[in-house]
Novice: 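Here it is, the structure in full.
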Amino acid sequence: MIESYRKLWPQRAAAESISTQEELAKYILIELNDELTHPRVRKSKEQKLALALARIEGSDLSESEKTGLTALYKKLESHKAGGC
């Protein structure tokens, strides 16, 4: 999944530094929380998930990569929504 994430976000320096699944999950949660955006202009978790899923679907990734990343994003979003 790490390589798929890197392909999805080729311009993100942080994506290149990811070396473990735990780090990948951390970066996806930061993205879903919109933590790198000023609080006044942050999007909701649902909006961020929808944007990420649209980017995945519109990407040149293989179908298996798309399926894997989509499942990971949804799992992390629902895990986070559950307060864990």
Novice: With sequence neighbours excluded, what pairs up with Arg12 under the salt bridge (Lys or Arg N to Asp or Glu O under 4.0 Å) test?
Specialist: Glu31

Novice: Can you tell me how far apart CD1 (Ile2) and CD1 (Ile18) are? Round to the nearest 0.5 Å.
Specialist: 7.0 Å

Novice: Do the non-hydrogen side-chain atoms of Leu53 and Lys74 ever get within less than 4.5 Å of each other?
Specialist: yes

Novice: Could you tell me which residues satisfy side-chain contact (heavy atoms from CB on, under 4.5 Å) with Thr20, sequence neighbours excluded, listed by chain and number?
Specialist: Glu22, Glu23

Novice: So which heavy atom on Tyr73 is nearest to which on Ala52, and how close?
Specialist: CE2-CB, 3.4 Å

Novice: Salt bridge check: are Asp34 and Lys48 linked by an N-O gap of less than 4.0 Å?
Specialist: yes

Novice: Measuring from Tyr27:OH to Leu76:CG, what's the distance to the nearest 0.5 Å?
Specialist: 14.5 Å

Novice: Considering all heavy atoms of both residues, which atom of Ser62 and which atom of Glu65 are nearest to each other, and what is their separation?
Specialist: N-OE1, 2.9 Å

Novice: In chain order, what residues pass the salt bridge (Lys or Arg N to Asp or Glu O under 4.0 Å) check against Arg6, with sequence neighbours excluded?
Specialist: Glu3

Novice: Looking at every non-hydrogen atom in both residues, tell me the closest pair between Lys75 and Ser78 and how far apart they are.
Specialist: O-OG, 3.0 Å

Novice: Which residues satisfy the side-chain contact (heavy atoms from CB on, under 4.5 Å) test with Thr67, sequence neighbours excluded?
Specialist: none

Novice: Partners of Lys26 by salt bridge (Lys or Arg N to Asp or Glu O under 4.0 Å), sequence neighbours excluded?
Specialist: none

Novice: For Leu32, which of Lys45, Glu77, Lys43, Gln47 qualifies under side chain to side chain contact (heavy atoms under 4.5 Å, CB included)?
Specialist: Glu77

Novice: Heavy atoms only: give me the nearest Gly68-Met1 pair and the separation to one decimal.
Specialist: C-SD, 3.4 Å

Novice: With sequence neighbours excluded, tell me which residues meet side-chain contact (heavy atoms from CB on, under 4.5 Å) with Glu57.
Specialist: Lys66

Novice: Please step through side-chain contact (heavy atoms from CB on, under 4.5 Å) for the pair Ile28 and Tyr5, ending with a clear verdict.
Specialist: CA-CA 9 Å; Ile28 291 174; Tyr5 185 82; 3.8 Å; yes

Novice: Can you measure from CG (Leu8) to CG (Asp60) and round to the nearest 0.5 angstrom?
Specialist: 10.5 Å

